[in-house]
S.K.: 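Before anything else, here's the structure in question.
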Amino acid sequence: INETENGLMGNVQYCSDLYRAETIERMTAHFRELLKAVVKDPEEKIDFLQMLTEAEEQQLLMEFN
């Protein structure tokens, strides 16, 4: 992750033999959500911070439950 004039920019390097691109995209989305939660409430304990997107949370709570 690097700071640019447009904000933070980053990339992910991974072994494509072990992970699909969709998996890495989902993991980076979780990381973005976690960063947003930290910025929103920096004093919150990490185990209470949101990591799932709203769509994923709804899917887990409504569709898979």
Side-chain angles (χ1 to χ4, degrees):
I1 296 177
N2 296 306
E3 187 173 2
T4 69
E5 60 187 38
N6 297 323
L8 297 176
M9 301 292 288
N11 63 46
V12 177
Q13 293 180 3
Y14 65 96
C15 180
S16 59
D17 291 339
L18 298 175
Y19 299 99
R20 295 185 321 219
E22 297 83 17
T23 302
I24 300 303
E25 289 169 7
R26 191 169 49 253
M27 291 171 74
T28 56
H30 292 162
F31 186 63
R32 278 193 305 273
E33 291 298 316
L34 184 59
L35 290 177
K36 288 179 193 176
V38 169
V39 169
K40 182 178 177 183
D41 191 359
E43 300 299 320
E44 185 62 87
K45 292 182 179 181
I46 192 145
D47 55 332
F48 293 112
L49 294 174
Q50 185 67 28
M51 188 175 78
L52 299 176
T53 64
E54 284 187 35
E56 286 177 313
E57 187 173 1
Q58 287 299 315
Q59 185 179 37
L60 287 172
L61 294 175
M62 301 300 176
E63 292 177 34
F64 294 157
N65 194 356

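Each residue takes its place number in the sequence, starting with 1.
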S.K.: Are any of the side-chain heavy atoms of Glu33 and Glu56 separated by less than 4.5 Å?
M.R.: no

S.K.: Which atom names give the shortest non-hydrogen contact between Tyr19 and Tyr14, and what distance separates them?
M.R.: O-CE1, 3.6 Å

S.K.: Would you compute the distance between atom CE of Met51 and atom CD of Glu57 and round it to the nearest 0.5 angstrom?
M.R.: 11.5 Å

S.K.: Considering residues, nucleotides and ligands other than Glu3, do more than 12 of their heavy atoms fall under 6.0 Å from its CD?
M.R.: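 No, not enclosed.
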
S.K.: Mind checking what makes salt bridge (Lys or Arg N to Asp or Glu O under 4.0 Å) contact with Glu43, not counting sequence neighbours?
M.R.: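 So Glu43 forms no salt bridge (Lys or Arg N to Asp or Glu O under 4.0 Å) with any residue.
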
S.K.: Check whether more than 12 heavy atoms from other residues, nucleotides or ligands sit under 6.0 Å from atom CD of Glu54, and answer yes or no.
M.R.: no

S.K.: Taking CZ in Phe31 as the centre, count heavy atoms belonging to other residues, nucleotides or ligands within less than 6.0 Å. Is the count above 12?
M.R.: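 Incorrect, the count does not exceed 12.
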
S.K.: For Leu18, is the CG atom crowded, meaning more than 12 foreign heavy atoms sit under 6.0 Å from it?
M.R.: yes

S.K.: Minimum heavy-atom separation for Leu49 and Asp41, please, with both atom names.
M.R.: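 Between these two residues, the closest heavy atoms are CD2-O, 4.2 Å.
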
S.K.: Quick one: pull up CG in Leu35 and OG1 in Thr28 and give me the separation to the nearest 0.5 Å.
M.R.: 11.0 Å

S.K.: Apart from Leu60 itself, which Ile, Leu, Val, Met, Phe, Trp or Tyr residues share its cluster (side-chain heavy atoms under 4.5 Å, direct or through members)?
M.R.: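 In the cluster with Leu60 are Leu52, Phe64.
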
S.K.: Hey, quick one: are Ile46 and Phe48 part of the same hydrophobic cluster, counting side-chain heavy atoms closer than 4.5 Å, chains of contacts allowed?
M.R.: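 Looking at the clustering, Phe48 is in a separate group from Ile46.
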
S.K.: Do Val12 and Ile1 belong together in a cluster built from hydrophobic side chains that touch within less than 4.5 Å?
M.R.: no

